Amino acid sequence: MALNILVVDDSAVMRAMIKKTLTLCGLPLGEISEASNGCGALEVLQNSWVDLALIDINMPEMNGIELIDEIRKRPDIADLLLIVISTESSQTRIDFLNDMGVGFVHKPFTPESVKAKIMEITGVQNVESDENLVAQDSSSDF
Amino acid sequence: MSNQMKTLLLKTAVRTFEDLGFLLPTEEVDDEQAEATIQASAIVKFRGPFEGVLVIRLFGDPLPELAANMLGEETPPDRQQQLDAFGELANVTCGNVLPAIAGYDEVFDLDEPIVDWESGEDSINEPGEATADVQLGLDEGRADLLLYVHGNVPV
């Protein structure tokens with residue numbers, strides 16, 4: 001199963017870093033879409049099939065928490081798989097996200113930490129060997 | 001507390017420059033680094049159990065290498081992407097240092113980073129000295145980090 005993934009972050013550089021990380025993960029990828037805030041993400045979700053959304057918290061217009069609330073309220077996308085990728089370090093907020101069934105990856109992240117969380121949340125297995133990932137990324141943190 | 005805060009700011013900054021920017025900062029700054037002219041500054045305002053501002057100023061010319069490293073590219077990206085990368089580094093530094101200071105049960109909200117080329121003192125409307133400040137030596141210059149905190153900091 002190829003994953004269609006939506007990357008939601010107000011930083012174009014961070015979106016590029018996440019997309020690059022995804023391509024290095026060895027996971028089966030379909031289309032990778034982008035949005036720079038929650039409003040843009042909802043537009044993408046309305047118009048395209050997305051299996052998993054990777055969401056930042058601190059964003060203008062509609063932040064990540066507001067976006068997650070909105071997604072969970074809408075019956076057509078309420079079951080969308082979600083992972084927050086954020087600098088957030090508050091255990092209170094991380095526990096809150098986990099209670100909502102949302103995965104969490106801390107910034108700065110590694111390809112390995114992103115891959116492990118995606119596999120945990122989606123149940124998808126990697127298609128490339130871990131040896132290849134390690135060879136490419138042993139020095140990479142993002 | 002300010003000494004402890006300085007230590008936490010230093011550790012967080014070193015780790016973030018290493019992990020996110022793939023740079024190897026030093027805690028010592030040589031004469032050339034000390035005399036370098038300002039390249040860019042980033043400001044991140046935050047609110048939570050206490051509020052304030054984190055300012056990072058880059059001196060010399062570290063930004064092209066920093067941005068290229070963050071993006072995993074051989075050549076530096078354009079100037080706007082360099083600023084964006086710097087803003088993200090400031091955001092990650094701020095997001096990691098605050099819970100280190102306040103405790104990991106506390107919740108902070110961070111504003112979007114404000115990043116400018118060649119802007120220094122004038123861009124910060126903070127009275128007085130920073131609560132904590134550190135300097136890092138970089139291959140192509142240096143970074144100054146200033147943390148301004150308002151209100152009571154939990155000890």
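A quick note: this is a predicted structure, and the numbers were derived from the prediction, not measured. Note on naming: letters A, B, ... go to the chains in the order of the sequence lines (proteins, then strands), and numbering restarts at 1 for each one.
The choice from Ser11(A), Ser86(A), Ala16(A), Ala12(A) that makes the most heavy-atom pairs within less than 4.5 Å of chain B is Ser11(A).
Thr21(A) and Pro111(A) make their closest contact through CG2-CA, 3.5 Å (heavy atoms, listed as atom of the first residue, atom of the second, distance).
The parts of Gln81(B) that come within reach of chain A are both its backbone and its side chain, each placing non-hydrogen atoms under 4.5 angstrom from that chain. Both the backbone and the side chain of Gln91(A) come within less than 4.5 Å of a heavy atom of chain B.
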In residues 57-65 of chain A, what donor-acceptor pairs under 3.5 Å come from side-chain atoms, sequence neighbours left out?
residue, atom, partner, partner atom, Å
Glu61(A), OE2, Asn37(A), ND2, 3.4
Asn63(A), OD1, Ile65(A), N, 3.0
Asn63(A), OD1, Glu66(A), N, 2.8

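Aromatic ring pairs are classed by plane angle as parallel below 30°, tilted from 30° to 60° and perpendicular above 60°; the pair Phe46(B) and Phe50(B) is perpendicular.
Following chains of ILVMFWY side-chain contacts shorter than 4.5 Å, one can reach Val84(A) starting from Leu67(A), so the two form part of one hydrophobic cluster.
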